[in-house]
Amino acid sequence: MILYKRAVDISGFVKKNTHVRKSIGFVPTMGALHQGHLSLIQQAKLENDIVICSIFVNPAQFNEQNDLRTYPRPLESDLPLLISTQCDLLFLPSADEIYPNGLNSLKHYDLGYLENSLEGRLRPGHFNGVVNVIDKFLEILKPDRLYLGQKDFQQVKVIERLLQITRQPCQCIICPIQREESGLAMSSRNIRLTAEQKVHASVIYKTLSFVREHYKKYSLKELQSHAISMVHQAPETAVDYLEFCDAESFHIIHNWNDAEHIVCVAAVKVREVRPLDNILL
Ligand code: AMP
């Protein structure tokens with residue numbers, strides 16, 4: 001695996017390879033890698049000549065300084081994991097490399113209602129920070145395919161919107177959610193949960209599975225309030241939201257007939273950690 005820290009160097013490598021028509025798959029991450037990230041790399045390896053992974057804890061997408069400060073950065077264990085998946089290139093830029101003029105020079109993208117609904121409403125500016133960094137990465141790396149996890153469903157929709165706005169000829173590949181044995185969706189932030197809190201957090205997937213089995217037996221409202229109370233039966237949990245959305249447009253729906261494909265999305269606080277999860281119905 002080759003490690004690049006400077007945009008000019010990795011984009012030089014990429015240009016040489018696209019001239020000889022090698023396809024490029026790109027997996028953006030914030031590091032603290034787990035099987036969820038590795039599954040994206042493995043999928044990208046199957047479909048591309050060259051796979052690039054980035055590790056960049058993007059300051060522009062954090063709306064809490066404490067979260068940014070305490071975000072895990074275990075590079076020494078990430079590197080062997082990347083090598084074991086036969087990732088070809090790692091892009092590991094500094095914040096100055098990506099934002100040479102600082103965070104005050106961020107672009108504003110018109111993300112429409114996605115910007116202010118659910119995660120966007122609870123984390124103002126978060127998605128604008130996400131698309132700023134992804135747009136820069138796409139400009140530098142010019143990948144053919146971009147690999148994203150279904151776990152961050154709203155983020156996928158936001159990045160699809162970015163690709164529409166910027167008309168980048170890059171295909172989004174959405175990869176399934178990887179879970180712990182308990183059903184808890186893998187996440188870098190799970191490191192901050194104690195073993196006991198992880199057991200409590202596993203109620204999220206149990207609830208989403210219940211929702212998938214029982215939807216349409218109840219009205220949407222009835223199932224929603226039942227699901228919220230199921231989560232609250234586990235200690236130390238507080239539902240930020242549990243909503244049903246049109247899986248294509250991501251508009252919140254209020255009746256089962258409002259959308260053909262439905263996704264149930266949830267964010268639940270477990271003490272100071274806030275796992276996200278979703279299930280397609
Ligand atoms: P992050 O490092 O959290 O920014 O995530 C980088 C990429 O990995 C994003 O596209 C995530 O959606 C994806 N990802 C994170 N956790 C999982 C998971 N449990 N299963 C599948 N993909 C994931």
Side-chain angles (χ1 to χ4, degrees), residues 7 26-34 36-37 40 52-75 78 90-141 143 146-166 168 170 172 174-175 177 185-192 240-241 250 265-267 269 272-278:
F26 174 44
V27 182
T29 81
M30 297 207 297
L33 301 178
H34 49 69
H37 299 113
L40 270 53
I52 306 176
C53 174
S54 63
I55 295 184
F56 181 60
V57 182
N58 175 27
Q61 71 186 68
F62 282 79
N63 41 353
E64 279 181 25
Q65 282 313 300
N66 194 42
D67 190 23
L68 173 61
R69 207 175 36 78
T70 58
Y71 197 85
R73 294 166 170 87
L75 187 61
D78 285 349
L90 168 62
F91 186 35
L92 187 68
S94 64
D96 287 344
E97 184 70 19
I98 298 299
Y99 302 114
N101 302 316
L103 292 182
N104 292 329
S105 60
L106 291 186
K107 283 200 219 164
H108 184 262
Y109 297 80
D110 178 10
L111 302 174
Y113 70 92
L114 284 169
E115 185 157 8
N116 299 315
S117 92
L118 301 175
E119 273 312 277
R121 185 171 62 79
L122 293 172
R123 302 183 65 187
H126 167 66
F127 285 128
N128 199 57
V130 169
V131 287
N132 262 272
V133 79
I134 295 291
D135 198 12
K136 283 193 196 236
F137 282 158
L138 296 182
E139 224 168 84
I140 297 165
L141 303 172
L146 176 61
Y147 292 80
L148 303 170
Q150 185 202 313
K151 182 178 85 70
D152 301 285
F153 201 93
Q154 189 171 2
Q155 174 168 280
V156 170
K157 294 288 149 190
V158 161
I159 293 173
E160 285 176 349
R161 169 100 185 113
L162 168 73
L163 295 180
Q164 271 174 4
I165 297 173
T166 57
Q168 311 226 28
C170 173
C172 263
I174 304 163
C175 302
I177 304 174
M186 291 181 177
S187 163
S188 305
R189 286 187 175 90
N190 290 354
I191 294 175
R192 292 192 200 148
D240 265 352
Y241 58 79
F250 208 67
V265 287
K269 276 206 197 87
E272 69 275 22
V273 186
R274 207 172 141 272
L276 299 185
D277 205 343
N278 64 77

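Note: hydrogens, waters and symmetry copies are ignored here, and every other heavy atom, side chains too, is used. Bear in mind that the values here come from a model prediction, so they are computed numbers and not experimental data. Numbering starts at 1 and runs along the sequence shown.
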Inset, instruction - May I ask you to test the Phe250-Val156 pair for a side-chain heavy-atom distance under 4.5 Å? - result: no
Inset, instruction - For residues Leu138 and Leu163, determine if any side-chain heavy atom of one lies less than 4.5 Å from a side-chain heavy atom of the other. - result: yes
Inset, instruction - Applying side-chain contact (heavy atoms from CB on, under 4.5 Å), name anything that partners Thr29, two or more places apart in sequence or on another chain. - result: Val27, Leu33, His37, Cys53, Ile55
Legend entry - Residue pair Tyr241 / Glu119, side-chain donor-acceptor N/O under 3.5 Å: yes
Legend entry - CG-OG distance between Leu92 and Ser54, expressed to the nearest 0.5 angstrom: 9.0 Å
Inset, instruction - Identify the two heavy atoms, one from Ala267 and one from Leu276, that lie closest to each other, and give their separation to 0.1 Å. - result: CB-CD2, 3.5 Å
Legend entry - Minimum heavy-atom distance Phe127-Gly120, with the two atoms named: CE1-N, 3.5 Å
Inset, instruction - May I ask you to test the Lys107-Lys136 pair for a side-chain heavy-atom distance under 4.5 Å? - result: no
Legend entry - Non-hydrogen atoms of Pro28 and Leu148 that approach each other most closely: CG-CD2, 4.4 Å
Inset, instruction - Taking the side chain as every heavy atom from C-beta outward, state whether Leu103 and Pro59 have any atom pair closer than 4.5 Å. - result: yes
Legend entry - Flag side-chain contact, heavy atom, 4.5 Å: Tyr109 against Asp135: yes
Legend entry - Minimum side-chain heavy-atom gap Asp67-Glu272 below 4.5 Å: no
Legend entry - Atom pair CG (Asn116) and CG (Leu122), whose distance is rounded to the nearest 0.5 Å: 11.0 Å
Legend entry - salt_bridge(Arg121, Asp240) N-O dist < 4.0 Å: no
Legend entry - Test item: Tyr99 and Ser105 side chains (from C-beta on) under 4.5 Å apart, heavy atoms: no
Inset, instruction - Identify the heavy atoms of Arg123 and Gln61 that sit nearest to each other, and give their distance. - result: NH2-O, 3.4 Å
Legend entry - Spacing of Ile52 atom CD1 and Leu146 atom CG [to the nearest 0.5 Å]: 11.5 Å
Inset, instruction - Identify the two heavy atoms, one from Cys172 and one from Glu160, that lie closest to each other, and give their separation to 0.1 Å. - result: SG-CG, 4.1 Å
Inset, instruction - Indicate yes or no for a side-chain donor-acceptor contact from Glu115 to the backbone of Asp110 under 3.5 Å, with no hydrogens or angles considered. - result: no
Legend entry - Distance (rounded to the nearest 0.5 Å) between Leu162 CG and Gln164 CD: 9.5 Å
Legend entry - Worked verdict on Ile98 versus Phe91 for side chain to side chain contact (heavy atoms under 4.5 Å, CB included): CA-CA 11 Å; Ile98 298 299; Phe91 186 35; 4.3 Å; yes
Inset, instruction - Evaluate the side-chain proximity of Phe62 to Val57: yes if any heavy-atom separation is below 4.5 Å, no if none is. - result: yes
Legend entry - Considering all heavy atoms, the nearest Leu40-Cys175 contact: CD1-CB, 3.6 Å
Inset, instruction - Check whether the side chains of Asn278 and Gln154 place a donor and an acceptor atom closer than 3.5 Å, and report yes or no. - result: no
Legend entry - Rounded distance (nearest 0.5 Å) linking atom CG of Asn58 with atom CE of Met30: 7.5 Å
Inset, instruction - Drop me the distance from Thr166's OG1 to Ile134's CD1, to the nearest 0.5 angstrom. - result: 11.0 Å
